There are 2 protein chains.
Amino acid sequence: MDCENTRLTQQRKVVLEELKKTTAHPTADELYEVVRKRLPNISLGTVYRNLEILSACGEILKLDLGEGKKRFDARMDPHYHLRCTQCGRVFDIPYVPLDKEIEERLQGVNHFKVTGIQIHFDGICEECLKKMN
Amino acid sequence: MDCENTRLTQQRKVVLEELKKTTAHPTADELYEVVRKRLPNISLGTVYRNLEILSACGEILKLDLGEGKKRFDARMDPHYHLRCTQCGRVFDIPYVPLDKEIEERLQGVNHFKVTGIQIHFDGICEECLKKMN
DNA sequence: ATATTTATTGATAAAAGTTACTAATAAAAA
DNA sequence: TTTTTATTAGTAACTTTTATCAATAAATAT
């Protein structure tokens with residue numbers, strides 16, 4: 001992916017701006033609906049294309065929480081994600097530096113070169129916990 | 001999901017048997033091709049349906065490694081998975097009991113009830129490492 | 001400023017993976 | 001054996017994502 005010869009179009013700008021405004025980890029389709037309020041003629045394909053480019057160029061994160069669709073996140077500092085099995089929302093979880101330790105512990109037990117670790121959590125959010133009691 | 005009133009059909013039996021034979025973590029489609037050799041008239045939908053039922057009833061694992069398609073595994077003892085970014089194959093990684101420790105460390109830093117942890121690894125397998133040197 | 005180059009767009013179709021539907025079948029119970 | 005109903009094959013439909021392509025607009029050169 002060539003991130004040098006990239007142009008800051010209105011569409012790409014608005015997609016990135018709207019993603020930065022939210023903490024909801026929207027899907028491409030959800031973000032499309034939001035962006036459409038500012039750019040009514042934008043197409044869903046353009047949203048997909050820009051999310052792909054932005055994530056490939058390290059400007060945003062593409063998340064796969066096993067839902068059969070991808071989510072996106074403009075927050076780039078280290079953190080984890082928890083998906084509430086009750087309401088389906090995705091929340092940020094503070095980062096505790098486990099990755100390094102996990103890598104260390106895995107040394108010697110296999111013949112692979114580990115290059116990345118994917119971790120996320122399932123659980124029940126505060127709001128849903130209250131509703132249950 | 002009602003796992004009591006379940007019938008051991010030839011199709012379900014063969015799907016489970018063939019999955020147990022392999023360590024390749026096949027997709028539904030890949031397993032369909034294998035099962036078809038024994039049951040030429042089985043349909044892809046039946047393979048999907050049975051994999052769904054078997055995993056819902058805790059007989060097999062459904063894996064999502066972020067590829068946009070699910071994989072299945074009949075190995076039920078605790079272990080992790082590594083996907084080789086070079087050849088795309090999925091390998092088993094010995095289990096080191098991280099889950100409990102991770103859960104402990106996450107206590108107090110959030111307001112969620114964590115019910116599950118999804119961990120998998122990206123890397124390069126032994127075979128691909130050799131080819132690179 | 002203006003012209004040129006080419007990355008990007010909107011619109012649409014198509015691909016890939018998965019689920020839903022239905023009459024017919026077969027596994028378990030009576 | 002008969003009855004009940006979970007399951008099947010075949011197919012359509014659905015969801016998410018990617019590809020195609022002529023038209024457009026952002027950056028660069030003139």
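All of these numbers come straight from a predicted model, not from anything done at the bench. In the text below, chain A, chain B and the rest are named by the order of the sequence lines, each starting its count at 1. In what follows, every heavy atom counts, from backbone to side chain, and hydrogens, waters and symmetry copies are set aside.
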*Counting distance only, does the side-chain N/O of B:S55 pair as donor-acceptor with the main-chain N or O of B:E52 below 3.5 Å?*
yes
Are the charged groups of [X] and [Y] less than 4.0 angstrom apart, N to O?
X: B:K20; Y: B:E17; answer: no
X: A:K70; Y: A:D64; answer: yes
X: A:E127; Y: A:R89; answer: yes

Would you say [N] has OP1 or OP2 under 4.0 Å from some side-chain N or O of [X]?
X: A:R49; N: C:dT8; answer: no
X: A:Y48; N: D:dT17; answer: yes
X: A:N50; N: C:dT9; answer: yes
X: B:T46; N: D:dA9; answer: yes

For the pair made of [atom1] in [X] and [atom2] in [N], what is the distance, rounded to whole Å?
X: A:E4; N: D:dA27; atom1: CD; atom2: C1'; result: 15 Å
X: A:L44; N: C:dA15; atom1: CG; atom2: P; result: 18 Å
X: B:I53; N: D:dT5; atom1: CD1; atom2: C1'; result: 14 Å
X: A:L51; N: C:dT8; atom1: CG; atom2: P; result: 14 Å
X: A:E67; N: C:dT18; atom1: CD; atom2: P; result: 15 Å
X: B:I42; N: C:dA24; atom1: CD1; atom2: C1'; result: 17 Å
X: B:K69; N: C:dT19; atom1: NZ; atom2: P; result: 15 Å
X: B:R71; N: C:dT18; atom1: CZ; atom2: C1'; result: 16 Å

*asked:* Determine whether A:C84 and A:C128 satisfy the following criterion, disulfide (SG to SG under 2.5 Å), listing intermediate values before the conclusion.
replied: CA-CA 8 Å; A:C84 179; A:C128 286; 3.9 Å; no
*Sequence neighbours left out, what pairs pass disulfide bond (SG atoms under 2.5 Å apart) with at least one residue falling in residues 6-42 of chain B?*
none
*Are the sulfur (SG) atoms of B:C3 and B:C57 separated by under 2.5 Å?*
yes
*Within the structure shown, what part of the strands sits under 4.0 Å from B:G45 by heavy-atom distance: base, sugar-phosphate, or nothing?*
nothing
_Selection: residues 6-39 of chain A, any non-hydrogen atom under 4.0 Å of DNA chain D_ = A:R7, A:L8
